[in-house]
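Since we're looking at a predicted model, the values are computed, not measured. Atoms considered below: every heavy atom in the structure, side chains included; atoms not considered: hydrogens, waters and symmetry mates.
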Amino acid sequence: MFFHIVLERNMQLHPRFFGRNLRDNLVSKLMKDVEGTCSGRHGFVVAVTGIENIGKGLIRDGTGFVTFPVKYQCVVFRPFKGEILEAVVTMVNKMGFFAEAGPVQIFVSNHLIPDDMEFQSGDMPNYTTSDGSVKIQKDSEVRLKIIGTRVDATEIFCIGTIKDDFLGVINDPTTI
């Protein structure tokens, strides 16, 4: 799920960036440092949408660097248990498959895949129904439900299922 929140960060800036474009340099450094990162508490930072406040800088002794407290608005992505997501399959093996929904990697165990689907090994491993009408393989798009999350300091891992109503393959790359 996406959230629009306010976060704070202390930004260190080298003296060569001082001058007329100080604010612009600070904002571009903030975007470069923050966008695409993950904190376990808030989730993945997708984009910085605005700057609320830049505090007074504090000069670091001996280095000349200045530390600015910056309060900024950003969009974050944090998956929750029970959430339905659309993801792209990245790897298939006999244990299940891995899929990615944006920055989050989701594992779907073979116990959480419908019973009528069986693993087929070969040059393109996949899960196929007995009649061959549905196939899950690399680059397939699937709709899945998150049944568990594990949060580390810098990463979020998820376990998903497609063993429920209206879940499963939504786009098969072989039918294009």
List the steps and the verdict of side chain to side chain contact (heavy atoms under 4.5 Å, CB included) for E83 and M1. CA-CA 8 Å; E83 185 174 358; M1 196 173 297; 3.8 Å; yes
Heavy-atom donor-acceptor pair, [X] side chain to [Y] backbone, under 3.5 Å:
X    : Y    : value
D152 : T154 : no
T149 : K81  : no
Y127 : V92  : no
Q137 : M124 : no

[atom1] ([X]) with more than 12 external heavy atoms under 6.0 Å:
X    : atom1 : value
N10  : CG    : yes
F166 : CZ    : no
M95  : CE    : no
E118 : CD    : no
D61  : CG    : no

Run the side chain to side chain contact (heavy atoms under 4.5 Å, CB included) check on I113 and F119 step by step: do they pass? CA-CA 10 Å; I113 296 173; F119 178 70; over 6 Å; no
Using the rule that two of Ile, Leu, Val, Met, Phe, Trp, Tyr join whenever any of their side-chain heavy atoms come within less than 4.5 Å, decide whether [X] and [Y] are in one cluster.
X    : Y    : result
V76  : V6   : no
F17  : F65  : no
I156 : V88  : no
F157 : L144 : no
F18  : I59  : yes

Compare all side-chain heavy atoms of [X] with those of [Y] and state whether any distance is below 4.5 angstrom.
X    : Y    : answer
N93  : N110 : no
T90  : Q105 : yes
I5   : C74  : yes
V104 : F44  : yes
P15  : V66  : no
R60  : T67  : yes
R143 : I162 : no

For the SG atom of C158 and the CD1 atom of I146, what is their distance to the nearest 0.5 Å?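 Reported value, rounded in 0.5 Å steps: 4.0 Å.
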Member of V108, V89, T129 meeting the side-chain contact (heavy atoms from CB on, under 4.5 Å) criterion with I136: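 Exactly one pass, corresponding to V89.
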Whether F2 and F77 hold their rings parallel, tilted or perpendicular, with breakpoints at 30° and 60°: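 Geometry flag for F77 against F2: tilted rings.
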Within the 3.5 Å criterion, strictly below it, is a donor on T128 or N126 matched to an acceptor on the partner's side chain?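 On atom types as modelled, these side chains qualify, holding a pair under 3.5 Å.
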Pair I147-L112, side chain to side chain contact (heavy atoms under 4.5 Å, CB included): steps then yes or no: CA-CA 10 Å; I147 59 169; L112 300 170; 3.4 Å; yes
Would you please name every residue forming a side-chain hydrogen bond (donor to acceptor under 3.5 Å, both in side chains) with T49, sequence neighbours left out? H4
Residues forming a side chain to side chain contact (heavy atoms under 4.5 Å, CB included) with L30, sequence neighbours excluded: R9, M11, V34, V48, I51, V70, Y72
